[in-house]
Engineer: 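Encoded as structure tokens, here's the structure I'll be asking about.
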Amino acid sequence: MLDLAFIRENPELIKEVARRRKTAVDVAALLALDSDLRSVRRQAEEQRAEQNRLSKAIQQAGSDKEARDGFIQQGRAVAALLKELEPRERELEARLRELWLLVPNIPDASVPEGAGEDDNVEVKRVGAPRTFDFEPLDHVALMRGLDWLDLERAAKIAGSRSYILKGEAVLLDLALMQFALSRIVRKGFTPLLVPAMAKEFCFIGNSQFPRGREQTYSLEADDLYLVGTAEVSITGMHSGEILREEDLPVLYVGYSPCYRREAGTYGKDTRGILRVHQFEKVEQYVICKADHEESVQWHESLLANAEEIVLALELPYRVLNICTGDLGDAKVKGYDIECWIPSENRYRETHSDSYFHDYQARRADIRYRDGEGTVRYVHTLNNTALASTRTIIALLENHQRADGTVAIPEALRPFLGGQATLGKPWR
RNA sequence: GGAGGGAUGGCAGAGCGGUCGAAUGCGGCGGUCUUGAAAACCGCUAGGCGAGAGCCUCGUGGGUUCGAAUCCCACUCCCUCCGCCA
């Protein structure tokens with residue numbers, strides 16, 4: 001969230017930003033609540049001050065019963081007033097917070113203007129899509145031929161957008177996780193295996209809630225939700241803490257299963273495992289000082305880390321600078337990496353690299369004490385290192401051979417017992 | 001699932017109706033002494049709102065009371081024991 005004082009002083013800027021980001025927020029109502037709250041709070045504070053004065057007077061009255069009883073009578077009156085003011089104060093606070101959580105972050109000047117995903121700007125394109133001297137298959141046909149995928153029985157178990165990986169596909173999946181994890185760990189990131197279930201505050205802190213609530217699975221009996229990314233759990237980790245400046249930056253690489261309801265995507269990407277309810281992901285996460293330049297540097301280096309992974313997997317890709325209309329509310333700026341998917345003859349998103357300045361830190365209350373002893377909100381960033389299903393699609397489709405087997409890029413082989421090929425010829 | 005115990009500042013830990021935003025120790029910062037360092041000694045050291053006076057915060061939310069860290073209720077989390085279990 002943004003600093004309330006900043007919103008108060010820049011209401012027109014907030015409205016403008018909301019418009020550019022195609023997001024609805026009632027700034028006027030928010031400011032009205034803010035002013036009501038301040039007024040009620042002032043009244044309540046006056047009464048509390050009076051209550052404190054009377055409380056001291058009662059003590060000092062000692063055995064002077066008459067004076068004492070007089071103060072107690074006054075105290076009762078003050079308490080009655082507060083009994084009216086305080087619930088109003090709490091209610092206004094809650095309503096204000098509700099609107100406040102909907103105020104989006106301010107995009108960086110380098111974020112392109114645009115209405116939606118078609119306006120994202122391609123920053124670079126790396127590697128040429130392969131030309132096949134045979135008829136390439138899509139990942140579903142390929143995996144079926146190899147007996148690596150069972151969508152029908154998965155649907156029987158868990159409904160649509162489920163899948164069963166089978167045989168060497170499972171080994172490939174796990175190898176990819178290990179591969180990504182080990183490469184990021186090598187860069188000094190601390191690996192984490194975090195809970196895939198988290199409490200509500202983690203989702204609010206991360207900005208998944210309140211918008212996007214319907215994209216999250218909830219476990220109502222236990223007041224928990226399934227995370228759509230390890231990012232949610234990692235944001236929760238340091239919530240409410242004041243970190244030491246010398247411990248920054250904190251570099252994490254988290255591994256977790258990811259759960260997504262994909263509500264409202266009926267009919268979209270229905271074939272295969274591109275858009276599924278569950279996958280695994282290795283996620284990069286950075287907590288750094290409240291410094292724009294440093295955030296930008298980390299944003300670029302998280303992108304570079306992800307690119308190295310994609311390059312090592314020998315996948316053609318491009319990088320997009322996400323436009324205002326397509327950028328998540330919490331982000332200052334975001335890059336997506338899209339890998340080439342031969343069967344679709346286009347690039348599809350596999351990575352998402354974001355920085356937030358202190359937007360998440362304010363929501364999750366993550367701070368640090370700087371050199372002067374001042375307590376500040378940290379900056380947070382994250383980027384995918386590798387997401388299982390989409391990377392499997394890209395890998396299989398791009399590296400398939402005419403006989404239906406798949407060539408394994410050299411960098412991945414150590415994680416597959418040195419094998420250069422996966423699958424038995426079947427075409 | 002059953003039975004107990006607990007949650008206080010960066011950490012440890014006292015306080016159990018008013019003089020408590022809170023003893024003490026450790027840690028941190030500054031100083032004295034010293035060629036320098038250590039030791040010793042002295043001082044400072046929670047966060048938030050507010051221009052300020054002031055207000056709020058002792059796990060969270062309610063309640064009792066003129067007044068709650070302290071009493072009552074609910075919830076969350078942690079620990080110990082029993083049961084179950086990968």
Engineer: Please confirm whether A/Tyr259 and A/Tyr225 have ring centers closer than 6.0 angstrom.
Structural biologist: no

Engineer: Return the nucleotide paired to B/G30: Watson-Crick means purine N1 to pyrimidine N3 with N6-O4 or O6-N4, wobble means G-U with N1-O2 and O6-N3, both under 3.5 Å.
Structural biologist: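 In the structure as shown, B/G30 has B/C42 as its Watson-Crick or wobble partner.
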
Engineer: How long is the gap from CG on A/Leu381 to CD on A/Gln297, to the nearest 0.5 Å?
Structural biologist: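 Separation between the atoms: 11.0 Å.
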
Engineer: Distance between the P atoms of B/A22 and B/A46, in whole angstroms?
Structural biologist: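 My reading of the P atoms in B/A22 and B/A46 gives 9 Å.
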
Engineer: Between P on B/G47 and OH on A/Tyr368, what's the gap in Å once rounded to a whole number?
Structural biologist: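 After rounding, the reported distance stands at 15 Å.
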
Engineer: Could you work out the separation of B/A69 and B/G9 based on their P atoms and round it to a whole Å?
Structural biologist: 15 Å

Engineer: With rounding to whole Å, what would you report as the distance between B/U34 and B/G50 at their P atoms?
Structural biologist: 48 Å

Engineer: Measure from CZ on A/Arg244 to C1' on B/G9 and round the result to the nearest Å.
Structural biologist: 16 Å

Engineer: Look through every strand shown and name the nucleotide pairing with B/G1 as Watson-Crick or G-U wobble, where both distances are under 3.5 Å.
Structural biologist: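 Looking at the geometry, B/G1 pairs with B/C82.
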
Engineer: For residues A/Thr265 and A/Arg161, is any side-chain donor paired with an opposing acceptor at under 3.5 Å?
Structural biologist: yes

Engineer: Mind checking who B/A68 pairs with, Watson-Crick or G-U wobble, both distances under 3.5 Å?
Structural biologist: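 Because no pair has both required distances under 3.5 Å, B/A68 counts as unpaired.
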
Engineer: Provide a list of protein-nucleic acid N or O atom pairs under 3.5 angstrom, restricted to nucleotides 52-56 of chain B.
Structural biologist:
residue, atom, partner, partner atom, Å
B/C55, OP1, A/Asn52, ND2, 2.8
B/C55, O2', A/Arg48, NH1, 3.0

Engineer: What does B/A7 pair with, Watson-Crick or G-U, if both distances are under 3.5 Å?
Structural biologist: B/U76

Engineer: Any chance the side chains of A/Gln284 and A/Asn382 put a donor and an acceptor closer than 3.5 Å?
Structural biologist: no

Engineer: Between C1' on B/G9 and CZ on A/Arg369, what's the gap in Å once rounded to a whole number?
Structural biologist: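 After rounding, the gap between these two atoms is 10 Å.
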
Engineer: Hunt down the Watson-Crick or G-U wobble partner of B/A37, both distances under 3.5 Å, from any strand shown, or write none.
Structural biologist: none

Engineer: Strictly distance-based, threshold 3.5 Å: is any side-chain N or O of A/Trp100 a donor or acceptor partner for the main-chain N or O of A/Leu2?
Structural biologist: yes

Engineer: Taking the side chain of A/Arg90 as its heavy atoms from C-beta onward, which of B/G62, B/C66, B/C49 lies nearest to it?
Structural biologist: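 The answer is B/G62.
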
Engineer: Distance check needed: B/G59 P versus A/Lys199 NZ, whole Å only.
Structural biologist: 16 Å

Engineer: Using heavy atoms to find the nearest nucleotide of RNA chain B for A/Val375 and A/Gly75 separately, return the residue whose nucleotide is more 5′.
Structural biologist: A/Val375

Engineer: Using atom P in both nucleotides, what's the gap between B/A51 and B/C42 to the nearest angstrom?
Structural biologist: 40 Å

Engineer: Counting only heavy atoms not in A/Lys289, do more than 12 fall under 6.0 Å of its NZ?
Structural biologist: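 No, the 6.0 Å shell around NZ holds no more than 12 heavy atoms from other groups.
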
Engineer: Is it true that A/Asp353 and A/Lys333 make a salt bridge, defined as a side-chain N closer than 4.0 Å to a carboxylate O?
Structural biologist: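 Answer for the salt bridge query: no.
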
Engineer: Starting at atom CG of A/Asp223, determine the distance to atom P of B/U76, rounded to an integer number of angstrom.
Structural biologist: 8 Å

Engineer: Take atom C1' in B/G18 and the same atom in B/G27, then report the distance between them in whole Å.
Structural biologist: 33 Å

Engineer: Who are the ring-ring contact (aromatic ring centres under 6.0 Å, His included) partners of A/Tyr252, not counting sequence neighbours?
Structural biologist: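 Result, ring-ring contact (aromatic ring centres under 6.0 Å, His included) vs A/Tyr252: A/His238.
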
Engineer: Just how far, in rounded Å, is P of B/C49 from CZ of A/Arg41?
Structural biologist: 10 Å

Engineer: Could you tell me how far B/G10 sits from B/C16 if I compare only their C1' atoms? Round to whole Å.
Structural biologist: 26 Å

Engineer: Report the distance from atom CG of A/Leu82 to atom C1' of B/A68, rounded to the nearest whole Å.
Structural biologist: 15 Å

Engineer: Can you tell me if A/Lys83 touches the phosphate of B/C66, counting only side-chain N or O atoms and a distance under 4.0 Å to OP1 or OP2?
Structural biologist: no

Engineer: A/His351 and A/Tyr335: aromatic ring centres closer than 6.0 Å?
Structural biologist: no

Engineer: Can you check the distance between B/C44 and B/C49, where both ends of the measurement are the C1' atom (answer in whole Å)?
Structural biologist: 24 Å

Engineer: Could you tell me which nucleotide pairs with B/G52 by Watson-Crick or G-U wobble geometry, both distances under 3.5 Å, or answer none if nothing does?
Structural biologist: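 Pairing partner: none.
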
Engineer: For A/Arg8 and B/G50, is the shortest distance between a side-chain N/O and OP1 or OP2 below 4.0 Å?
Structural biologist: yes

Engineer: What's the gap between B/U60 and B/C78 when it is taken at their C1' atoms, as a whole Å value?
Structural biologist: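 Pairwise C1' distance, B/U60 against B/C78, rounds to 15 Å.
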
Engineer: With 3.5 Å as the limit, what N/O pairs link the protein to nucleotides 16-20 of chain B?
Structural biologist:
residue, atom, partner, partner atom, Å
B/G18, O2', A/Gln59, OE1, 2.2
B/G18, O2', A/Gln59, NE2, 2.7
B/G18, O6, A/Arg68, NH2, 3.1
B/G18, N2, A/Ser55, OG, 3.1

Engineer: State whether the number of non-hydrogen atoms from other residues, nucleotides or ligands found under 6.0 Å of A/Arg97 atom CZ is greater than 12.
Structural biologist: no

Engineer: Side chains of A/Thr216 and A/Arg260: is there a donor and an acceptor less than 3.5 Å apart?
Structural biologist: no

Engineer: For A/Arg362 and B/G47, what is the distance between atoms CZ and C1' respectively, to the nearest whole Å?
Structural biologist: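 Taking CZ of A/Arg362 and C1' of B/G47, I get 15 Å after rounding.
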
Engineer: Are there over 12 heavy-atom neighbours, none belonging to A/Glu66, within less than 6.0 Å of that residue's CD?
Structural biologist: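 No, CD of A/Glu66 has 12 or fewer neighbouring heavy atoms, counting only those of other groups under 6.0 Å.
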
Engineer: Go through B/C66, B/C77, B/G47 for me and flag the one nearest to the A/Ile242 side chain.
Structural biologist: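 Looking only at side-chain atoms, A/Ile242 lies closest to B/G47.
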
Engineer: Provide the Watson-Crick or G-U wobble partner of B/C16, both distances under 3.5 Å; none if there is no partner.
Structural biologist: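 Partner of B/C16: none found under 3.5 Å.
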
